[in-house]
Amino acid sequence: MPEHRYDPSEIEPRWQALWAREHTWEVSNESGAQARAEARSSGARRDASAPSSYVLEMLPYPSGEPHIGHLKCYAVGDAIAHFHRRLGRRVLHPMGYDAFGLPAENHAIKTGVHPSVSTAESIASFQRQFRSWGISIDWSRELATSEPSYYRWTQWIFLELFRAGLAYRKEAAVKWCPKDQTVLANEQVDADGHCERCGALVEVRQLEQWFLRITDYAERLLGDLETISWPEHVKTMQRNWIGRSEGAEVTFRCEELGVDYPVFTTRPDTLFGATFFVMAPEHPDVIRLAAGTAQEQQVREYVNHALNETNEERGNAEKPKTGVSLGRTVVNPVNGEQIQMYVADYVLMEYGTGAIMAVPGHDERDHAFAEVFGLPIRRVIAQRMPTAPEDLLKMPVPPPEWREGAEGLPYAGDGKLVNSDPNFDGMGNREALSAIVAWLDREGKGHASINYRLRDWLVSRQRYWGCPIPIVYCERCGMVPVPDEQLPVELPEVDDYTPKGRSPLAAAEDWVNTSCPDCGGAAKRETDTMDTFVDSSWYFLRYCDASNDAAAWDPAVLREWMPVDQYIGGVEHAILHLLYARFFTKALADLGHLDFQEPFQSLFTQGMVTKDGSKMSKSKGNVVSPAAIVERVGADTARAYILFVGPPDQDADWSDEGVEGVHRFLSRLWRLAAETAQSAGAPAPLQPADIGAQGDDLELARKAHWAIDKVSGDLRRFAFNTAIAAVMELLNDCSRLRETVSPETMRFALGTAASLLSPFAPHVCADIYDLLTGERVWEQPWPEAEEALLERDAYELVCQVNGKVRDRVQASADAPAEALKELCRAAPNVQVHVEGKEIVKEIVVPGKLVNIVVR
RNA sequence: GCACCAGUACCUUAAUCGGUGAAAGGACCGGUCUUAAACACCGGUGAUCCGGGUUCGAGCCCCGGCUGGUGCACCA
């Protein structure tokens, strides 16, 4: 009697070893003669003409060990990869590591261990665990962004952008993290002004830095969202981040100094209500404007104070408005009025032109400021005007919102223009908006304009463990790109990683001092490194052609795989990574290196895994370790559980009891299959279920086909939880009917269960399929449901009276509506309820019910 | 404050087009097996957030409210 016990610790390594030995998940590039030759020599089984599919999970940052979120991400991605393969596609499913970054560097500062050493350890540990999870990765394409063979091409892309004018240096007020001692991208500062990485309060410093011109792509990044299949909330976040506003640029002239100040406004229709003018404290002209006025000292103090304020203090809209008069005036171009100039911290330098026209009547913030400073508030849009004379007669005293005075202000809605100009008064404000912009344009005082919240991407970092920026500064030639053939510019060794406000690379003097590639004279290297988001903005391209050392990729190979068909990752990357990767794709396409516009055709964002309802964290001590779970119950249980616990795009709470439940399910499945394999005789391919089967055999065959249909549909819509539940139902029927069905039917039902479940629990399903059929489940085409077995020839017709179920009768599937009505009327308990009443109506839903409405 | 999503049994989820008396797993309770327990098997308890509306019929659609989550929020 062989032991009928499910033992994942024996099953899982056995199949993993086979997959590794046979390079089962590797896929060759079919384009290019060399690739074709490789495919022949490795005896690639898959049909080269099969459609390709690129399934990709976001690349992990290797630090310590993978956590449960990784397990969920790869469980989702692997299920898709397996499903696509079984649908006959050639699937590219690679893995790599986002290996540059601050944690390894901070660790180096603490311990002196070189970041490359600790990173290599983490990568080894990640790789070991990923293998133990049995995910179907093409390991031949593995990469790490910190390897010179990778970052050589990161540098090449940087130089391509530089040569195209998309990478540039400029001095600007930038965000500086005092703890990490580096500048940050605007995107890396959260809404409260804290560093996204370390949580320290971010400061503002005036520094010269490297930027990438992502703002040139704002319109396309916005518009092309329409072309990709992404979750709507992710698209919304990107739209918000790009922050497109339509409006006008209007020029206000300071006659005393003879300087023009353009402002951006979305409401040129309220221009006649502009009663003062406000500049941001950072505005370069503020001090110059105040110079020589009585206000000078006060302005200086205010500006100093404002510049030292944190984003948090300054960003608070609840805070009372502050500001100082500049003692100057500008002219409102539409009516020639001289209006007072102020400096106030509620105006931001980064948005628009750093100066605004203030319309207190129709803008909440301007209104609050005007109240504090006692400035005039003028209504130029009537909130509601009576539409017909009858309305006026009915209401001799108009309610306040109808008045043209200042009551009810500020008012931001639509209405008709009042108190403006005879040419515009009475016009609807939307119509007036275009009329006023047209007038400004004719007079040369303004023009229609579009403004974005998105700002250029600051990519330089004063840190060690990143990709060096391949630029040399020559005393004679200036800024010179390192020639392509000299790439990569490798990271030098340094003794001290501690940041001191400049890059640790600056201390490597032998490395910094170099010769100019152009004139050969003395030159110094750029010592800043790149933001690690640069590394991850193109890695999906490199996987396609990972071993190419003559180029970053061969465009012909990219055509075979790109764009990624299914991208999977956490919603925390909804803005930064995804926006940067889209920008890189568009820029590289413009430079002729790619022939597609969007990198990720379809995106799936998985939900968080929580414990006891809250985020797992070391400080709370509620961290569930994937390694421990896999050790205890096996990878199949861990993976199936995490997909079964709920819809994968939602957060899911980890429960050890739930894990046990799934483990029991896999145990029962394996055990019943092992028993069946014994009683059913030698392994044999599954026989298509016999439509002529009778009784329990027919019932179980039907259930199996129902499960095929259900799981196939559920997989297409990422409903893994219900797919697994369907296989559970199938197993329950197998157990229930195991005494009465033929061995062949049981073999078919259990083999089908294993086949359907294998994307979620590949090892145990491979084992079961092998026991029952002697075949490899991953090489089988995805099963197809037999239509004839999905339909029933008879069913239970529900008989309702006034919407209440009163009886049930057997009806044949093809019975016409008239026959169903008669069946229903004839049902005994229906007759009781219809007795002596008048039939008003009969509703027939074929296949479901008949409802008789009586009075 | 604005927008979006969700609210179903003690818990996590299901119910495809508005159509049966709301389903699965876990938990809990009972039974069989066992010296006893675990495992396994059999059985059981128990739910549509609140208030209106539409409809022959509403968990599902509409309106209002409550609760929770996410995103945005001095962006002119």
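What you see below is based on every heavy atom in this structure, not just the backbone, and it leaves out hydrogens, waters and symmetry mates. The sequence lines fix the lettering, A, B, ..., with proteins before strands; numbering per chain opens at 1.
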Measure from CZ on A/Phe760 to P on B/G25 and round the result to the nearest Å.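 Rounding to the nearest Å, CZ of A/Phe760 and P of B/G25 are 18 Å apart.
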To the nearest Å, give me how far apart CD1 (A/Ile356) and P (B/C74) are.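 Whole-Å distance recorded here is 14 Å.
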Parallel, tilted or perpendicular: which one describes the rings of A/Phe604 and A/Phe718, with boundaries at 30° and 60°?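 Aromatic pair A/Phe604/A/Phe718 classed parallel.
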Selection from [options] that lies nearest to any side-chain heavy atom of [X]:
{"X": "A/Arg453", "options": "B/A15, B/A73, B/U13", "result": "B/A73"}
{"X": "A/Lys848", "options": "B/A76, B/G19, B/C56", "result": "B/G19"}
{"X": "A/Asp345", "options": "B/A15, B/U13, B/C74", "result": "B/C74"}
{"X": "A/Thr266", "options": "B/G57, B/A76, B/A15", "result": "B/A76"}

Quick one: the side chain of A/Gln800 and the base of B/G19, do they pair up donor-acceptor inside 3.5 Å?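 Answer yes: a donor N or O sits under 3.5 Å from an acceptor.
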No-H, no-angle donor-acceptor pair, A/Arg806 side chain to B/G21 base, under 3.5 Å: no
Taking for each residue the nucleotide of RNA chain B bearing the nearest heavy atom, is the 5' side occupied by A/Ser667 or by A/Phe264?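 Nearer the 5' end of the strand: A/Ser667.
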Roughly how far apart, to the nearest Å, are B/G69 and B/G64 at atom P?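 Taking atom P in both B/G69 and B/G64, they lie 23 Å apart.
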Sequence neighbours left out, what pairs pass salt bridge (charged side-chain N to carboxylate O under 4.0 Å, His left out) with at least one residue falling in residues 714-733 of chain A? A/Lys703-A/Glu729, A/Lys710-A/Asp714, A/Asp714-A/Arg717, A/Asp733-A/Arg736
Mind telling me if B/C17 is syn or anti? Syn here is a glycosidic angle within 90° of 0. syn
May I ask you to say what A/Asn732 touches in the nucleic acid, namely base, sugar-phosphate or nothing, with a heavy-atom cut-off under 4.0 Å? sugar-phosphate
Is A/Arg5 paired with A/Glu10 through a side-chain N to carboxylate O contact shorter than 4.0 Å? no
